[in-house]
Amino acid sequence: MSLLQREREIITQNEYVDHFDFEEIEAFVKSASKELFISHRFKTSDAMQVQPRGGFPTYEKVFRLYEEFKEAGVDVLPLTIDSNTRLNDYATAKKMLALSEENDVDMLNGYPLINHGYRTTRKMITHFDTPVSLRHGTPDARLLVEMALASGIFEIEGGPITYLLPYSKNFPLDKAFLYWKYVEKVCALYSTFNEPINRESFGPLSATLQPPAIVIVIQLVEMLLSLEEGVKSFSVSFSQTGSMIQDVVTANVIKKLARHYADMFGHHDADIHLVYHQWMGAFPYNKEYSDALITASTVIAAMVGADKIITKTRNEAFGIPTKEANARAVASVKYTLGMLKGLPAVSDEEEEENLTSMVNEIMEAVLNDGADTLWRKVFNAIKKGHIDIPFSPHVINANEVITIRDPQENIRILERGKLPISDRSFAFERSKIRLNEGERVVDKIIKDIGIMQ
Amino acid sequence: MSLLQREREIITQNEYVDHFDFEEIEAFVKSASKELFISHRFKTSDAMQVQPRGGFPTYEKVFRLYEEFKEAGVDVLPLTIDSNTRLNDYATAKKMLALSEENDVDMLNGYPLINHGYRTTRKMITHFDTPVSLRHGTPDARLLVEMALASGIFEIEGGPITYLLPYSKNFPLDKAFLYWKYVEKVCALYSTFNEPINRESFGPLSATLQPPAIVIVIQLVEMLLSLEEGVKSFSVSFSQTGSMIQDVVTANVIKKLARHYADMFGHHDADIHLVYHQWMGAFPYNKEYSDALITASTVIAAMVGADKIITKTRNEAFGIPTKEANARAVASVKYTLGMLKGLPAVSDEEEEENLTSMVNEIMEAVLNDGADTLWRKVFNAIKKGHIDIPFSPHVINANEVITIRDPQENIRILERGKLPISDRSFAFERSKIRLNEGERVVDKIIKDIGIMQ
Amino acid sequence: MKVVTGVVGNDIHVVANRLIEISLKERGFTVFNLGVNTYLEEFLDAIVETDADVLLISSLNGEAEGWCRDLQILKKQYTFRKDVVFMIGGNLGVGEMDPDALVPKFKNYGFDLVFHQVDLNVGLDTLENYLKAHA
Amino acid sequence: MKVVTGVVGNDIHVVANRLIEISLKERGFTVFNLGVNTYLEEFLDAIVETDADVLLISSLNGEAEGWCRDLQILKKQYTFRKDVVFMIGGNLGVGEMDPDALVPKFKNYGFDLVFHQVDLNVGLDTLENYLKAHA
Ligand code: B12
Ligand code: B12
């Protein structure tokens, strides 16, 4: 028995888990419908895939949510996991699930996949015969991902950085790397059974004034860490910045560099896709404006040529959306994408050059670290502040980089902290910034956070 | 007394009109608030001006409509005239206005300006102290325009071609030219009193598969006919084509050529503006999709760099919108424009070159006609089919040009009829068209009309 | 079968009218298209002149009611075959209307088939079935 | 005046928290920011340790109710000044809630000032007025 398999047996032996029948699961995946694989969909369709967010505690409510989504023309279904499960607290999740089932009140903010188990969940997934994407935010997602794959969920979101630095205050980063290494390995293994499992990184990070250079670096390293373990289909992602041209530039650069670095590391056979998140920052407290924001961001997604778009709802500022609001957004995004035609190929050479330089400068610093493995290099880069995410709640994050918006609402680096970018790149960034006479940086930041409100 | 003034006295002596006090009107215009002039607004603001459509029979209802619009942040108010007035049938308009006032039911589809008179209407216009745009569709608008200007309405939409060929079956075209000549002259005269009166042409035409080359030619000739009489501020316009790139190309070419032809005819001092109409064709029977269409078209307006946008509503497919639906669209368009930033400068050289050539080829043919005056040359061009509007209901229109959409939904010329475009330009157009195996043109046209539904 | 068609009143929305002509011809009808901006009398004259089987009126701009309420009276002044089918469609109200209220109203005015915001082909299918049923 | 602040429970929405710290300092308060992901006991410990005048809790992700319903019980286990102002704000419900129902609920839990989906500065203005009134 391989080392990995021994680990898997331990991980899946858990008091909240029914016996894991690895053979049966392998047989299931081998004969699973191609329709369940988003990697297959990417190969066979040119259309931008539309995926909402959403999850409820009970099987019935998720089932009804999926029905609503299907009616709205959804391409990819989400399965969002509750926060107890994310923290591996299956006992609480079990209790709350029972309460939710008895009282018809939601006591969990997502689907407790461990407690439902793969035998039950698979029924739903195969019933809808549509790709499902696992949305969680779990630093230790080993059991969760086993359960997801066994259920027929063939896209796994997350990564050691993107699901940690924006989502956690003090979960140890080195552990996160090792737990995700396991996840990558299992995904790679399953990818040999049928169509590839698709892994997706979470580019929005803290969703607040994130500089594209840092977002791209993190996308690239999570991609490399995944491909290194044998994953063959990977989606890099980012979220709407607030400036149309910055979105376009970010997309052009990330597409180019993702391919470049994948090839550089010998992963010529890996498929790489681009996912665009609709505005992830603070939404307006006005549902009609939120509708407009959702449509405008759909137009931009089409312009940047994303392979998948992840949608928001008109309820975003208020709270967790109803299934109706969620389906409404899907239908409206599908309509917009269907109607939008004649999209121009846009670019801005100077901006693309500068962004490319910054990403390459940081990547060089990361890769030149003395550690023996890639994950350790990345770990060190974060510790050194070479990778530094504004508005991360995590204690390991340097929190020295400060970003503000220029007059076009492009996000610019005002303080570079320990970012290993060249003076030239930094000067370019600074040259775009305009502060009004007497305007304080903090007031500008507050304004810049609220641009969509 | 000048010839024009003699004409004016005759026109304004009408049994439905109270005494026209030309001196008092001149004094009013001379001292009128600059805020009433959109030409002044264009000079002093960079923001895209937002203007809805709308009008009701009674003073009170228009007043309440304006209040609603102001609350939504409107930039330019519309005054849409009822169809009896458009046909100079003031007797019926009077009767219907009385019925509307008595019964609180609208018996007219717009505001009967002649019956209300300028003394009353001016109160409302000056009260709101916001530019008002006259929207009518009247071939003989002489009295109507006198009344509008005397009321403080300092933007006049329309033109001899654009308000005739899409709006009428058999009103004589030569008369339309002469009546509009009068309108231009009066506008020019008033332009010397204070800020210039702005004239605006109606580029959407029949709003159905209109080829940009024809739209632009018509915009140019109406502009020249207006500037020729001394008008100093003119807006050319067009409506969303269905292809983002075609909108951008159309805007780039029309801006360039409008300036070019104005200068060529010596009108260096004329200000020229660009107006973008949100989708003017068939709307979806789904209000949420209509919202999305309205937002997407706002994004495009921002990309083409329009000076003014004219909005639609979510009720478009159903019928005349309520004031609430109308104000909602204004608020949402204002939000979208405020939030959209970092717009790229887009262009497509090859397309722009071809469109420029087609417009110049047609313009050359028009200007080379043997007639002595510009309006006669244009009249002859229409009679000869050198200018030919698809889906015009007018008997004089040649109806030989057939347009269909290419795979990017660009509108392309399939049959050129008598259009004087070169074989090269025509070949370019044809080269873009793809008909599916066995697909009939008429089925394609039906599909192409319904792309937004 | 002969069909007289056109758009009633001061309405100049010509797009549907062009499509109607094409569709009717395709379905094998002989079409007399009076175009937009056609008054009720002109339609009735045309029925007489052409000995038509069907009158197919469009209205889009909201004028339908104003023009059609006197159809019954007008019909009496003309002599034509009893079995001429009167049909109207398009956008039959001003503003947003309840279709369930509009249809009976226009049937009262003397129309056999009434279509408010109904797709053309659905309408023409219904017409063909109606003609078969009454043949 | 000393303020203890932070985000309660497993909530990691840090943006408002950062702004709160800055705004409080600007208004002249001495700030002890416990950051995101802070449990109720930690807040109460900090009041004791710092002898704070105000406890300002944020909650964004909908967990507020779950964490705060036992505040009264917990308060009894601690000894601190009677006049400490308890304040909470952010997004206090799951899904879309009626603010008129939420505010009394949280007042019952033992909060003096409750702000559901209310702008930060409005909340801080209210706090300052409250402090003046109770000085
Ligand atoms: C950015 C964001 C994120 C980022 C957070 C990054 C980070 N580390 O900070 C990411 C993407 C990581 C994230 C994750 C999650 N999020 Co989140 N997120 C948002 C979002 C879009 C904006 C929040 C924000 O930064 N706003 C800007 C700041 C300045 O404003 P604010 O936080 O609203 O605070 C203002 C006021 O509330 C007030 N205020 C705050 N505290 C206090 C205190 C007092 C006393 C006063 C007076 C005022 C006050 O002052 C601020 C300025 O006016 C909101 C939705 C929205 N509002 O549009 C959802 C939202 C808060 N998130 C939500 C959820 C559920 C989550 C998740 C649990 C699950 C998920 N959907 O992925 C996760 C996990 C988080 C966890 N464990 O808690 C929900 C909460 C649901 C509810 N309450 O019903 C929201 C409302 C989205 C939604 N509609 O579903 N999120
Ligand atoms: C294009 C258009 C115009 C163009 C018309 C160009 C031309 N000459 O044809 C222009 C810009 C010039 C125009 C002008 C006006 N228009 Co207009 N226009 C439209 C628009 C956007 C699309 C119409 C269209 O071409 N649709 C495509 C065709 C193929 O579809 P259709 O006409 O809806 O017809 C379908 C069905 O109704 C059906 N059908 C039609 N007839 C029949 C008959 C039968 C028997 C059956 C079964 C089916 C059937 O078959 C078709 C295919 O399915 C509509 C709104 C909309 N629908 O989105 C407004 C609309 C029809 N217009 C309207 C109005 C008021 C006007 C104006 C009076 C005033 C103004 N707002 O400017 C003017 C003046 C016109 C006049 N004197 O009549 C209103 C009517 C209001 C109402 N009924 O309550 C509408 C609904 C817009 C609105 N919401 O205010 N218009």
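Below, chains carry the letters A, B, ... as their sequence lines are ordered, and counting in each starts from 1.
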Roughly how far, to the nearest 0.5 Å, is the [atom2] atom of [Y] from the [atom1] atom of [X]?
{"X": "B/D46", "Y": "B/M48", "atom1": "CG", "atom2": "CE", "answer": "11.5 Å"}
{"X": "B/K444", "Y": "B/I449", "atom1": "NZ", "atom2": "CD1", "answer": "11.0 Å"}
{"X": "B/N354", "Y": "B/F426", "atom1": "CG", "atom2": "CZ", "answer": "11.5 Å"}
{"X": "A/R416", "Y": "A/S425", "atom1": "CZ", "atom2": "OG", "answer": "9.0 Å"}
{"X": "A/E353", "Y": "A/D348", "atom1": "CD", "atom2": "CG", "answer": "10.5 Å"}
{"X": "A/D247", "Y": "A/Q240", "atom1": "CG", "atom2": "CD", "answer": "6.0 Å"}

Using only atom types and a distance under 3.5 Å, with no angle test, would you say the side chain of [X] pairs donor to acceptor with the backbone of [Y]?
{"X": "A/Q246", "Y": "A/I411", "result": "yes"}
{"X": "B/N252", "Y": "B/E349", "result": "no"}
{"X": "B/Q219", "Y": "B/S237", "result": "yes"}
{"X": "B/R430", "Y": "B/I413", "result": "no"}

Legend entry - Which atoms of A/P284 approach chain B - backbone, side chain, both or neither, heavy atom under 4.5 Å: side chain
Inset, instruction - Name, in order of residue number, those residues of residues 311-330 of chain A that have a heavy atom at a distance of less than 4.5 Å from a heavy atom in chain B; otherwise write 'none'. - result: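 Answer by number: A/R314, A/R328.
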Identify the residues of [range] whose heavy atoms come closer than 4.5 Å to a heavy atom of chain A, ordered by number, or report 'none'.
{"range": "residues 332-342 of chain B", "answer": "B/S332, B/Y335, B/T336, B/M339, B/L340, B/K341, B/G342"}
{"range": "residues 66-77 of chain B", "answer": "none"}
{"range": "residues 293-302 of chain B", "answer": "B/L293, B/T295, B/A296, B/V299"}

Work out which heavy atom in [X] is nearest to a heavy atom in [Y]; give both atom names and the distance.
{"X": "B/A213", "Y": "B/M358", "result": "CB-CB, 3.9 Å"}
{"X": "B/K255", "Y": "B/V304", "result": "NZ-O, 2.9 Å"}
{"X": "A/I309", "Y": "A/Q278", "result": "CD1-NE2, 3.6 Å"}
{"X": "B/I245", "Y": "B/N410", "result": "CG2-OD1, 3.7 Å"}
{"X": "B/E352", "Y": "B/V253", "result": "O-CG2, 3.7 Å"}

Inset, instruction - Report the option among B/E288, B/E409, B/Q453 that has the most heavy-atom pairs separated by less than 4.5 Å from atoms of chain A. - result: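 The answer is B/E288.
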Inset, instruction - Would you mind reporting whether A/P344 and B/M244 have side-chain heavy atoms less than 4.5 Å apart? - result: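 Answer yes - side chains close enough.
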Inset, instruction - May I ask you to say whether A/K447 pairs ionically with A/E439, meaning some side-chain N is under 4.0 Å from a carboxylate O? - result: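 Salt bridge between A/K447 and A/E439, a charged N being under 4.0 Å from a carboxylate O: yes.
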Legend entry - Ion pair B/R412/B/E351, N-O distance below 4.0 Å: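 Counted as a salt bridge, because a side-chain N and a carboxylate O are separated by less than 4.0 Å.
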Legend entry - Among the listed options A/G242, A/P407, A/A292, the residue most often paired with chain B at heavy-atom distances under 4.5 Å: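 Result: the option with the highest number of such pairs is A/A292.
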Legend entry - Engaged part of B/A345 at the chain A interface, taking heavy atoms whose separation is under 4.5 Å: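 Answer is neither: B/A345 stays 4.5 Å or more from chain A.
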